[in-house]
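Note: hydrogens, waters and symmetry copies are ignored here, and every other heavy atom, side chains too, is used. Just so it is clear, the model here is predicted, and its values are computed rather than measured. Chain identifiers are assigned alphabetically (A, B, ...) following the order of the sequence lines, protein sequences preceding nucleic acid strands; residue numbering begins at 1 within each chain.
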2 protein chains.
Amino acid sequence: MQQKSCWTWRNCCFKVSETISYGVLLATIKDVAKAAGVSTATVSAVVNDTAYVSPDLRARVLSAIRDLRYSPSLVARNLRRGRSQLIALAVADLANPFYARMVSSAEAAVAAWGYSLVLFNSDEKPETERRILARIRTLGCDGAVIVPVGAADQYRHHEFDDVPTVLLGRSLGGDQADTVTVDNFSAGRQVTNYLLDLGHTHIGSITGPMQLSTGHGRLEGMIEAMAARGLAPQPSHVRSGEFREDAAYSVARDILGQPNRPTALYVANGVMAIGAMRAVSDIGLSCPQDVSIASTDTISGVGGLKPRLTRTEHPVADMTNAALRMLVERIEKKVSVPPRHITFQPALVVGESCAPVAR
Amino acid sequence: MQQKSCWTWRNCCFKVSETISYGVLLATIKDVAKAAGVSTATVSAVVNDTAYVSPDLRARVLSAIRDLRYSPSLVARNLRRGRSQLIALAVADLANPFYARMVSSAEAAVAAWGYSLVLFNSDEKPETERRILARIRTLGCDGAVIVPVGAADQYRHHEFDDVPTVLLGRSLGGDQADTVTVDNFSAGRQVTNYLLDLGHTHIGSITGPMQLSTGHGRLEGMIEAMAARGLAPQPSHVRSGEFREDAAYSVARDILGQPNRPTALYVANGVMAIGAMRAVSDIGLSCPQDVSIASTDTISGVGGLKPRLTRTEHPVADMTNAALRMLVERIEKKVSVPPRHITFQPALVVGESCAPVAR
DNA sequence: GGACGCTAGCGAAACGGTTCGGCCAGATGC
DNA sequence: GCATCTGGCCGAACCGTTTCGCTAGCGTCC
């Protein structure tokens, strides 16, 4: 490998040597048929093991396949069969470790079912999601797992009729598609009860967008838990952080800057909790001494937070597997089943980010 | 949405209601042509804006498209055009946050170039990778970004001739394909020099597999840095952790259990560093008081480690973008360019996991 | 007014497979 | 020996696009 030229680009070094060419066309079934002296139908029969072929011919076909390095074009096969062997996954925020884990589980499950995974990131933008749904249609994906980012009324009534779809993590309330969700209400209630048990009565919340089930559900759980003890959050202590770290940071500064600041914050997801932690420290307060912070949906150890978060954790892997199982069922037995809805229960995981209320 | 039945499965609840059917066949170009009273060629011309069509016909076609919710089948289009609009990414370990970030960058870049991303996880298994490469071929992906997991000699000489390919993160030494890597030698040297500057002379290493460039490269950098000061690592203090957390854990226990244990460990990647940290603490030692730990390729904040790791960081996003730029260039201008090799420089990021040598 | 050029739109072949009906040869039955 | 049956293999249609070559109709110019 001799170096012929060197060229810098940012902080990188660039070396070239002899030419690569992709001129070699892939062999088609016709080439194989010709080489083996049989018809394409026979080659197809051998490849798919769909009809008896005499040992003689079979051997000739197999040898031709090997010689030509033939591998059937899935594009052509799928055009004919009307399938694509592709399952799409559209997550709401790929940079969020929570969704990274979802992707990891999904890849394994999809491969295990014999499909390939096409990955999309809607980045919490309904407009991007719209384009993704269109793309999934035209790609002819056999099925799709979607973490929806829009409000229920942003979707057409039969939005998900073309491609078998499972909504994962967030529900749209309606009955358009199969759904796998976590019990957000319970998550909010569990976390809040934990804070209440520590003696907190002034609890604020940085919520997700209210049009999402993960947004309002968690807040409603919190409100219910407080109401059960005759309490209610102060309106100025409940604000949306849009599931974004930077937004949560500002909102946290705002809430904690108020004269009667809450002693505890329920932050509706993991990345926002990081923002809130940062705000606490920038304001000159400390967690959990001055402010307790608890969260939901965080995966373990996200962001290297110093006091580990007290949080409810979602069984991401189980949820993803369940979603794919439902999806593949729908794809393969084409029978029309009523839409199904599976709800998982979150579990409270106690970290070091909450302390009994001072005084 | 009334609940008709309830069935429990693990810790989840299951509800059903009215039927979903996917009977609605997608409209084809022929349906549109018939509805608009034109030929399929004209519809195609309108859809692709590839020829002039009179305003009258154009309007009729567009309206038919809207009425029928027509969207052209990429499967058919790609069969005809001989392209698939798909770019494959095969990473070595999806559960590793380092690769999760790579996936996130890749998805964005692939979408920006107008392709869709097909994601694979070879899980560090050459056998799985072999299947993935075959799958990429048959899927007809226009290009592939691969983090190779095998030794160079496990690949056929023209392994990457069929599909334009960029090797990312690890090189195979040869000149089969474009390559984007990080300077592993420099990473090993930088980290080791830092440890040496802290006064450590007994430095051990948990390395990656020696057949990988990321395995031997980093170790060689370390050895060179020590040699420059007239030192050398003790053979029993250098062991492979296979880039796996559990393996690194055992190896760390082993190395640190030796009577003359090293005062510092260079661990070749982030997940292994977590294992090593765990081993240190399980043995009853503490980091950095008793053992300094430094690493390479870790992404910030991985695993919520208490003392943040001192490490060299790879510019993952830049590397991924560079890889995709090269790939798309190769796909689109089909000219045969010699294989190119880009090397990025790692940067040392100082955390709290290393201390001056005791005594 | 006829030859010609131009162009909007059409028909049909092709892409690479699958699949179904049909054909031919050999075996079987009477 | 002829009709029938059977089983292995083939030819060709088809999947939904794109694209090339062609036609028909119009306007222009001598």
Side-chain angles (χ1 to χ4, degrees), chain A residues 24-62 64-65 68-86 134-135 137-142 162-163, chain B residues 24-62 64-65 68-86 134-135 137-142 162-163:
Chain A
V24 197
L25 269 293
L26 271 60
T28 76
I29 199 173
K30 287 178 194 158
D31 302 325
V32 175
K34 197 175 299 172
V38 299
S39 77
T40 63
T42 304
V43 177
S44 178
V46 170
V47 169
N48 300 295
D49 201 21
T50 155
Y52 179 82
V53 177
S54 68
D56 174 30
L57 286 200
R58 162 177 298 270
R60 268 160 48 203
V61 168
L62 288 176
I65 287 178
L68 298 170
R69 293 194 61 211
Y70 168 73
S71 87
S73 152
L74 274 195
V75 178
R77 169 178 292 177
N78 290 331
L79 171 59
R80 178 62 226 234
R81 296 225 247 238
R83 317 189 310 107
S84 67
Q85 312 243 67
L86 258 27
R135 181 86 183 180
R137 259 171 64 96
T138 68
L139 268 179
C141 292
D142 292 340
D162 302 315
V163 180
Chain B
V24 197
L25 269 292
L26 271 60
T28 76
I29 200 173
K30 287 178 195 159
D31 302 324
V32 175
K34 197 175 300 172
V38 300
S39 76
T40 62
T42 304
V43 177
S44 177
V46 170
V47 168
N48 300 295
D49 202 20
T50 156
Y52 178 82
V53 176
S54 69
D56 173 31
L57 285 201
R58 164 178 296 271
R60 269 163 43 205
V61 168
L62 289 176
I65 287 178
L68 297 170
R69 293 194 61 212
Y70 168 73
S71 88
S73 151
L74 274 196
V75 178
R77 169 179 291 177
N78 290 332
L79 171 60
R80 178 61 225 227
R81 297 224 246 238
R83 315 189 309 109
S84 68
Q85 312 245 67
L86 259 27
R135 182 84 183 181
R137 257 172 65 96
T138 69
L139 268 179
C141 291
D142 292 339
D162 301 315
V163 180

Run the numbers on B:R83 and B:Q85 for side-chain contact (heavy atoms from CB on, under 4.5 Å), then give the verdict. CA-CA 6 Å; B:R83 315 189 309 109; B:Q85 312 245 67; 3.5 Å; yes

A:I29 has an atom CD1; how far is it from atom P of C:dT19, in whole Å? 11 Å

Does a side-chain N or O of A:S44 approach OP1 or OP2 of C:dT18 to a distance below 4.0 Å, or not? yes

Please round to the nearest 0.5 Å and tell me the distance separating atom CZ of B:R135 and atom CG of A:L74. 5.5 Å

What is the separation between atom CZ on A:R58 and atom P on D:dC10, rounded to the nearest whole Å? 14 Å

Protein-nucleotide distance (A:L139, atom CG; D:dT17, atom P), rounded to Å: 14 Å

Is A:R60 reaching over with its side chain to a backbone N or O of A:A36, donor-acceptor style, under 3.5 angstrom? yes

Determine whether B:R69 and B:D31 satisfy the following criterion, salt bridge (Lys or Arg N to Asp or Glu O under 4.0 Å), listing intermediate values before the conclusion. CA-CA 11 Å; B:R69 293 194 61 212; B:D31 302 324; over 6 Å; no

Are A:T28 and A:T40 side-chain neighbours, meaning at least one heavy-atom pair lies under 4.5 Å? no

Could you check which residues of residues 46-56 of chain B get a heavy atom under 4.0 Å from DNA chain D? Sort them by number, please. B:N48

Distance in Å, B:N78 CG paired with A:N78 CG, rounded so as to fall on 0.5 Å steps: 11.5 Å

Can you give one letter per nucleotide of nucleotides 10-15 of chain C, going 5' to 3': B for a protein heavy atom under 4.0 Å from the base, S for sugar-phosphate only, - for none? BB-BBB

Output the distance between atom OG (B:S73) and atom CD1 (B:I29), rounded to the nearest 0.5 Å. 10.5 Å

Between P of D:dC10 and NZ of A:K34, the distance in whole Å: 15 Å

For C:dG16, does either OP1 or OP2 sit under 4.0 Å from a side-chain N or O belonging to A:Y70? no

Considering only NZ, NE, NH1 and NH2 on the basic side and carboxylate oxygens on the acidic side, decide whether B:D142 and B:R81 come within less than 4.0 Å. no

d(CZ, B:R60; P, C:dA8) in whole Å: 16 Å

Counting distance only, does the side-chain N/O of B:S84 pair as donor-acceptor with the main-chain N or O of B:G140 below 3.5 Å? yes

Rounding to an integer number of Å, can you tell me how far A:L74 CG sits from C:dG16 C1'? 12 Å

